[in-house]
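Below: one structure, written as C-alpha cells.
In what follows, every chain begins at residue 1, and chains take the letters A, B, ... in the order their sequences are listed.
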There are 4 protein chains.
Amino acid sequence: MARASTRARVHAAVLSLAAESGFGGLTMEGIAARAGAGKQTLYRTWSSPAAVLLDALLEQSLDAAGEVAVPDTGDLRADLETLVRGMIAELADPATDRLLRAVTAELQTDPAIGAEVLDRLLGPQLRAIADRLARAAVACPEDGAELLLGPVFHRWLLRTRPFTEDWPSAHVARVLRAVSSGG
Amino acid sequence: MARASTRARVHAAVLSLAAESGFGGLTMEGIAARAGAGKQTLYRTWSSPAAVLLDALLEQSLDAAGEVAVPDTGDLRADLETLVRGMIAELADPATDRLLRAVTAELQTDPAIGAEVLDRLLGPQLRAIADRLARAAVACPEDGAELLLGPVFHRWLLRTRPFTEDWPSAHVARVLRAVSSGG
Amino acid sequence: MARASTRARVHAAVLSLAAESGFGGLTMEGIAARAGAGKQTLYRTWSSPAAVLLDALLEQSLDAAGEVAVPDTGDLRADLETLVRGMIAELADPATDRLLRAVTAELQTDPAIGAEVLDRLLGPQLRAIADRLARAAVACPEDGAELLLGPVFHRWLLRTRPFTEDWPSAHVARVLRAVSSGG
Amino acid sequence: MARASTRARVHAAVLSLAAESGFGGLTMEGIAARAGAGKQTLYRTWSSPAAVLLDALLEQSLDAAGEVAVPDTGDLRADLETLVRGMIAELADPATDRLLRAVTAELQTDPAIGAEVLDRLLGPQLRAIADRLARAAVACPEDGAELLLGPVFHRWLLRTRPFTEDWPSAHVARVLRAVSSGG
DNA sequence: TGTTAAGCGAGACGGTACGTCAAGTCTTTAC
DNA sequence: GTAAAGACTTGACGTACCGTCTCGCTTAACA
C-alpha cells in the first residue's frame, strides 16, 4: 500500500490541479508530475483521476463534512428549508458546481466510484435527512428524503430551469404534505 | 454543410458503434472509419462524439419518441403510476441505461449538449407531464412534474437503492398529496 | 509513406544523437523529440531505433559506400591485401567499431534488420569480392569471399586477438592457396 | 558476496527462465522473483541479466563442455569435417541458436562479458582445434583454426546464406589446402 | 456541356495521455 | 544484522486519439 507521505503529496497535487484547471484537466500523468511521483505509484492505488480526486476530497473533508449537518431546531419545516437553501447555495458556487458535476459524470461510468460516493457522501446525507424526518415522526423517512433531494438534483443536474427565491419554501411545503399522516 | 448521404452514413455508423461498444468507445476516428468518411468531414459538422450521437438519436426518434406519451385515462393516479412504472422499466433496460447515463454524463461537461437535450428530450417530457397534471387541475403542474421525476432520477442516477415493486404507487400517492389542495 | 522532409529531419536527428551519446542511448522517444516529430510518425515507418539509424546510414552513404570498392589493379594478391588492410583500418576506427558492433548485435535479434543489412551492405560487399575473384578465374568465388572475410569478422567480433601487421598478407596467401586450382 | 544457496537459486531461476522465454525475456526483476530473492541481492553480485545467465551457464557446464571435444581419429580431413558438421548441427538447433546469438549480441556491448566468453568458451575451442592441427604438423595452427571457424560464424551470424549439405567437405578441403606445405 | 470550386476520402502529421514494464534505489519487516 | 519483500522515481515502451493539415478525386452547380 502506498506510503502515507506519498498519499499526502498526491492528494495535495490533485487538489491544486483541480483548483487550477478544473476536473477535465486532470490526468494521471499530470498528477504524478505535480506530486513528484511515478505514474506506477498512482496506478498502484487509484484507477483514474476521478478516483484520486475523490479520495483526496473524502480524506480532506471526512470528519467535517462527513457528518452532514441537518439542522434540528425542533421546527421541521424551517429546518428543511434551511437545508434546501444551503444545498442550492452550495450548488451555485462555481467550484462546487464543477466538482459535483464531474463526480456525477464519472459516477455514471465507473461503478466503483459510484459505490464510494454512495458510501461516503450520498448515503450519509440521505440517512441524516431521514433521521431528521424520523425524529419528527414521519412515516417513511427514506422516501421523504428522496422526495426532498430528488427535485433539487433533477433541476440542477439536468439544468431544466434556475432555482427561484421562493421555490424552497414551496417545495418543502409540498414534501411535508406528501409525507404527512395520510401516507 | 455535410451532404445528406454523408450524414446518413455517419448516423448509421455512430449508432452501430454505440450499440456494439457502448458510448465510452466512441471516437471521432472510429466513427469516421466506420462511416467511410474523412475525419475532417466529421469535424466540419460536429464537435465531439457526443454531438454526433445525440444528433443521430434525435434525427432517428424525434417525432416518434419526441412526443412523450403520457397516458390520459381520466384516472390521474393510475396514469402517473403507469408512467412511472414505464420509466423504471425503460431505465432497467441495459441499452437505455447505458445510453442515458452517457448522455447525462456528457451533459455535465458540455453545455451545448445540455441545451439540446433539454430542448428536445427533457423539456417535452416535463411539459407533457405538467400538461397532464394541469388537466387534472393541479395548481403547480411544473413543480409536480419535477416532484414526480426527481426522485426517480435521483435513485437511478446516483444508484442509491433499487426500485421495489410497490414503490411507484406509494410515490405517486405522495406526489398527489403534495400537490393537492393546499399546494 | 513518410514525407521527404520528415525523413530528412529524422535522419539528421538519429545521426546527431548517435554521434553524441552512442548507439545505446538511442530511443524512439529521443529521436522523435530531437526531430520534432511525433512518435507515431516514427513507428509508422521504422520499428526500432536500430532501423532508423540503419536507414539513415544507408541513405547517407548509399552511392558512395554502397559501391563497395574492390581494387582491381590486375594483381589479385595485392588487391586483396589492400582490401583486408582497409577493412582492418576501418574496424579500428572507434566510431565505425561501435556502429558496426551495434548493428551486428541488433541483427541477432531483429531478422528484418538482418535482411536489410544483408541486402544493402553485406551482400554487395561479398558480391564485389566474389566478382573480383571470378575475374581472376577463381573457381568458387563466393566461398573464396567468405574465406577472406570470415576470419576477419571472427577475430574482430569475438575479440579473440588483435590484428598484427603481417597477418593480412599471410591470410591472403592462405586464401589464394585455398581457392587455387584444386578448389 | 551472495550466499551459496542464493547463488544456486538464482542460477536455477535464470536457466529456467531462459529456457522458457528465451534470452530476451530475462529481466533482473523476473530472475529475482523466480529465485525468491530481492532485486538488491542480485545487483550486489551481477550487473545485468546477461551476467547472471553467463555465470549460470559457465558454472553449470564448465568442465564438461569446456573441454571442446575435437575428434582425433588420425584422419585430419575427416575429423575437421566431423567438427564442422557438428557445429553446423548445433547452430541449427533453435535453442543453441538463440542462446549463442544473444551472447554474441551482448558481447558487442559489454566487454566484461566478452572477456569471460573468450576465456572460457571461445579460447578453449580455438585452442583445441589449433592443437589438433598442430598434431597434424600444420605450420600455423591458430590461423588455421580461425580459417576453419571464421566462415562458419560469418555465414551463421550474418545470415548470408544457408549451409548446404556438401559445403563442409569443400570448406575443409579449402582450409587444408590453405594451410598446406606451401604456407 | 464543360469548368470549376466545394465537399470529400484518405491519411500523414505534431502532440498528449494512456497503461505497462523494467531499471536501479530506497525503506521496512522479519528471520 | 542481513536479506526478503516491495514501494518508490524515473523513463521508455508502443498504442490510441486528438485536431490540423495536405493531397488528389469526385460531383454537383454555374458559366
Side-chain angles (χ1 to χ4, degrees), chain A residues 1-7 9-10 24-33 35-49, chain B residues 1-7 9-10 13 21 24-49, chain C residues 1-7 9-10 13 24-49, chain D residues 1-3 5-7 9-10 24-33 35-49:
Chain A
M1 172 43 99
R3 294 212 256 265
S5 71
T6 305
R7 291 183 72 88
R9 265 180 304 135
V10 169
L26 289 183
T27 66
M28 292 301 251
E29 206 139 274
I31 297 168
K39 283 202 285 176
Q40 206 60 249
T41 303
L42 261 66
Y43 280 109
R44 216 175 286 129
T45 308
W46 300 278
S47 65
S48 69
Chain B
M1 169 48 94
R3 295 213 256 263
S5 73
T6 305
R7 291 182 69 90
R9 266 181 303 135
V10 170
S21 337
L26 290 183
T27 65
M28 291 301 253
E29 205 140 279
I31 297 168
R34 172 71 63 97
K39 286 203 286 174
Q40 206 59 250
T41 304
L42 261 67
Y43 280 109
R44 216 173 287 127
T45 308
W46 299 277
S47 65
S48 70
Chain C
M1 171 44 97
R3 295 214 254 264
S5 71
T6 306
R7 291 182 70 89
R9 266 180 303 137
V10 169
L26 291 182
T27 65
M28 291 301 251
E29 207 139 276
I31 298 168
R34 172 71 62 98
K39 283 203 286 177
Q40 205 59 245
T41 302
L42 260 67
Y43 280 109
R44 217 174 284 129
T45 309
W46 300 278
S47 65
S48 70
Chain D
M1 167 53 89
R3 293 202 194 123
S5 72
T6 305
R7 290 183 70 88
R9 265 181 304 137
V10 169
L26 291 182
T27 65
M28 293 300 253
E29 204 140 279
I31 298 168
K39 285 203 286 176
Q40 208 55 247
T41 306
L42 260 68
Y43 279 110
R44 219 171 284 127
T45 308
W46 300 278
S47 65
S48 71

Taking [atom1] from [X] and [atom2] from [N], how many angstroms apart are they, rounded to a whole number?
| X | N | atom1 | atom2 | result |
| --- | --- | --- | --- | --- |
| D/I31 | E/dA22 | CD1 | P | 11 Å |
| A/L42 | F/dT10 | CG | P | 13 Å |
| B/W46 | F/dC18 | CH2 | C1' | 18 Å |
| B/R7 | E/dG7 | CZ | C1' | 14 Å |
| B/R9 | E/dG7 | CZ | P | 16 Å |

What's A/A37 touching, base or sugar-phosphate or nothing? Going by heavy atoms closer than 4.0 Å.
sugar-phosphate
Using a cut-off of strictly less than 4.0 Å, decide whether [X] has a side-chain nitrogen or oxygen near OP1 or OP2 of [N].
| X | N | value |
| --- | --- | --- |
| C/T41 | E/dG14 | yes |
| B/R44 | E/dC8 | yes |
| A/T6 | F/dC8 | yes |

Atom pair [atom1] ([X]) and [atom2] ([Y]), whose distance is rounded to the nearest 0.5 Å:
| X | Y | atom1 | atom2 | value |
| --- | --- | --- | --- | --- |
| D/L42 | D/Q40 | CG | CD | 9.5 Å |
| C/R7 | C/T41 | CZ | OG1 | 12.5 Å |
| B/I31 | B/E29 | CD1 | CD | 10.5 Å |

Measure all distances between protein nitrogen or oxygen atoms and nitrogen or oxygen atoms of nucleotides 16-18 of chain E, and list the pairs falling under 3.5 Å.
residue : atom : partner : partner atom : Å
E/dC18  : OP1  : A/M28   : N            : 3.1
E/dC18  : OP2  : A/M28   : N            : 3.3
E/dC18  : OP2  : A/E29   : N            : 2.9

List the atom of D/M28, the atom of D/P49, and the distance in Å for their closest heavy-atom pair.
SD-N, 3.7 Å
Between B/R34 and B/A13, the two heavy atoms sitting closest are CG-CB, 3.4 Å
5'-most contact on DNA chain F (nearest-nucleotide basis), D/A33 vs B/S48, goes to D/A33
Can you work out whether D/S47 or B/G36 has the more 5'-proximal nearest nucleotide on DNA chain E?
B/G36
